[in-house]
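Just below is one structure, and these are the notes that go with it.
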Number of protein chains: 2
Amino acid sequence: MLTIGKLAKKTGTKVQTIRYYEQIELMPEPGRTEGGQRRYGDAELDRLSFIRHSRQLGFSLDAIRELLDLSDNPDRPCNEADAIARRQLKQVEQRLSRLDALRTELKRMVRECSGGHTSDCRVLEVLRDHSECLTDHQDLND
Amino acid sequence: MLTIGKLAKKTGTKVQTIRYYEQIELMPEPGRTEGGQRRYGDAELDRLSFIRHSRQLGFSLDAIRELLDLSDNPDRPCNEADAIARRQLKQVEQRLSRLDALRTELKRMVRECSGGHTSDCRVLEVLRDHSECLTDHQDLND
DNA sequence: TCTTGACCCTCTAGCTGCTAGAGCATTTAT
DNA sequence: ATAAATGCTCTAGCAGCTAGAGGGTCAAGA
């Protein structure tokens with residue numbers, strides 16, 4: 001039987017976070033000692049590890065809820081879990097390409113820093129210059 | 001003179017967001033009509049564009065506050081702005097490498113989906129299997 | 001000039017995913 | 001028996017917005 005602190009250590013989660021997961025019903029209410037302290041068994045350890053692992057992979061708590069649900073019902077078709085993973089993959093790839101563009105831009109900014117005063121600092125200039133970024137949302141009538 | 005709605009459109013910001021920026025003093029209090037509606041000029045348009053552009057590059061509101069401060073004081077040395085940009089670049093690169101690892105893992109999960117029932121779904125199995133991820137935080141005494 | 005509809009106002013509360021702190025109780029080792 | 005370490009609940013806070021209620025204002029057309 002594990003105290004909440006030990007469970008936290010074993011899973012690399014914070015104590016508060018575990019209680020939070022209980023509150024939002026991602027983790028079940030555990031048993032308690034006479035004095036009212038939580039005690040956890042292996043099932044909870046597994047579940048929390050699953051959650052933590054999923055979080056590290058960038059799944060939202062809602063997605064994790066779905067995944068836990070699927071894994072609690074082994075008769076449901078696998079493609080639901082697959083779909084969640086695919087959705088997640090798509091999001092990750094989108095984030096990656098955006099970040100990649102940012103990196104390029106930031107590198108350019110840093111490379112071109114004048115080294116002088118802010119009045120001719122390229123970093124600020126790039127940020128100030130919005131001539132190229134008025135395309136997406138710009139309504140030319142206004 | 002722009003209404004808040006026009007300003008929002010021109011900068012691709014939501015109206016509520018502009019008011020929020022005013023509230024946290026990232027944007028100045030604008031002039032008002034007799035009836036109490038906000039009216040904006042070019043200075044505000046520029047400032048908001050700067051903010052928006054910086055946000056798109058992933059800067060935090062705090063970082064943006066610093067940057068705006070620098071750009072208001074053209075005599076300060078450029079390297080402060082440079083440092084902020086470098087910090088940002090570092091963060092972006094960290095996020096990139098983490099995301100890249102995630103993508104690999106997710107791709108593997110999706111590739112190996114059994115197509116059958118969740119009971120032997122690789123997606124769930126990978127998530128459940130924490131044998132490799134007990135290294136960082138694991139205290140072997142517990 | 002009046003009306004209408006699009007816009008604007010403030011205020012409060014909500015979202016995600018935690019995290020921190022106050023003030024107190026329990027557990028465990030010595 | 002005592003004291004340190006850990007646990008408890010409750011409330012509030014963080015970033016960075018977003019949404020909705022319940023109303024007021026503005027500008028264009030009839």
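Chain naming here is simple, since letters A, B, ... match the order of the sequence lines and numbering starts at 1 in each. Values reported hereafter were calculated over all heavy atoms of this structure, with side chains retained and with hydrogens, waters and symmetry mates removed. Keep in mind it's a predicted model, so treat the numbers as computed, not measured.
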- Query: What pairs with B/Ser60 under side chain to side chain contact (heavy atoms under 4.5 Å, CB included), at least two apart in sequence or on another chain?
  - Reply: B/Asp62, B/Ala63
- Item | salt bridge (Lys or Arg N to Asp or Glu O under 4.0 Å) involving B/Lys14 - partner list, sequence neighbours excluded | none
- Message: Determine whether B/Leu48 and B/Lys10 satisfy the following criterion, side chain to side chain contact (heavy atoms under 4.5 Å, CB included), listing intermediate values before the conclusion.
- Response: CA-CA 10 Å; B/Leu48 185 53; B/Lys10 265 183 192 293; over 6 Å; no
- Query: Mind checking which nucleotides bracket the chain A contacts on DNA chain D, 5' to 3', with an atom under 4.0 Å from a heavy atom?
  - Reply: D/dG7 to D/dT9
- With B/Asp100 via side chain to side chain donor-acceptor pair (under 3.5 Å) - residues at least two apart: B/Arg103
- Message: Checking B/Arg87 now: which residues fulfil side chain to side chain contact (heavy atoms under 4.5 Å, CB included) with it, not counting sequence neighbours?
- Response: B/Glu66, B/Ile84
- Task: Flag the pair B/Arg47 / B/Asp72 as yes when at least one side-chain heavy-atom distance between them is below 4.5 Å, and no otherwise.
- Result: yes
- Task: Please tell me if the side chains of A/Leu68 and A/Leu26 come closer than 4.5 Å, counting only heavy atoms from C-beta onward.
- Result: yes
- Message: I need the CZ-C1' distance between A/Arg55 and C/dG17, as an integer number of Å.
- Response: 6 Å
- Query: Among residues 63-71 of chain B, which residues get a heavy atom nearer than 4.0 Å to DNA chain D?
  - Reply: none
- Query: Looking at residues 18-26 of chain A, who's got a heavy atom less than 4.0 Å off DNA chain C?
  - Reply: A/Tyr20, A/Tyr21
- Query: Would B/Tyr20 and B/Thr13 count as a side chain to side chain contact (heavy atoms under 4.5 Å, CB included) if you check the C-alpha gap in whole Å, the side-chain angles of each, and the deciding distance to 0.1 Å?
  - Reply: CA-CA 11 Å; B/Tyr20 169 70; B/Thr13 317; over 6 Å; no
- Identify, with sequence neighbours excluded, every residue that meets side chain to side chain donor-acceptor pair (under 3.5 Å) alongside B/Asn73. none
- Message: If the condition is side chain to side chain donor-acceptor pair (under 3.5 Å), which residues does B/Arg19 pass it with, not counting sequence neighbours?
- Response: B/Gln16
- Under 4.0 Å protein heavy-atom contact, by nucleotide of nucleotides 21-30 of chain C - B base, S sugar-phosphate only: B----BSS--
In residues 33-45 of chain B, what donor-acceptor pairs under 3.5 Å come from side-chain atoms, sequence neighbours left out?
| from | atom 1 | to | atom 2 | distance (Å) |
| --- | --- | --- | --- | --- |
| B/Thr33 | OG1 | B/Gly35 | N | 3.4 |
| B/Thr33 | OG1 | B/Gly36 | N | 3.3 |
| B/Thr33 | OG1 | B/Gln37 | N | 3.0 |
| B/Gln37 | OE1 | B/Arg39 | NH2 | 2.9 |
| B/Arg38 | NE | B/Glu22 | OE1 | 2.8 |
| B/Glu44 | OE1 | B/Gly41 | N | 3.1 |

- Query: Which residues satisfy the side chain to side chain contact (heavy atoms under 4.5 Å, CB included) test with A/Arg86, sequence neighbours excluded?
  - Reply: A/Asp82, B/Val110
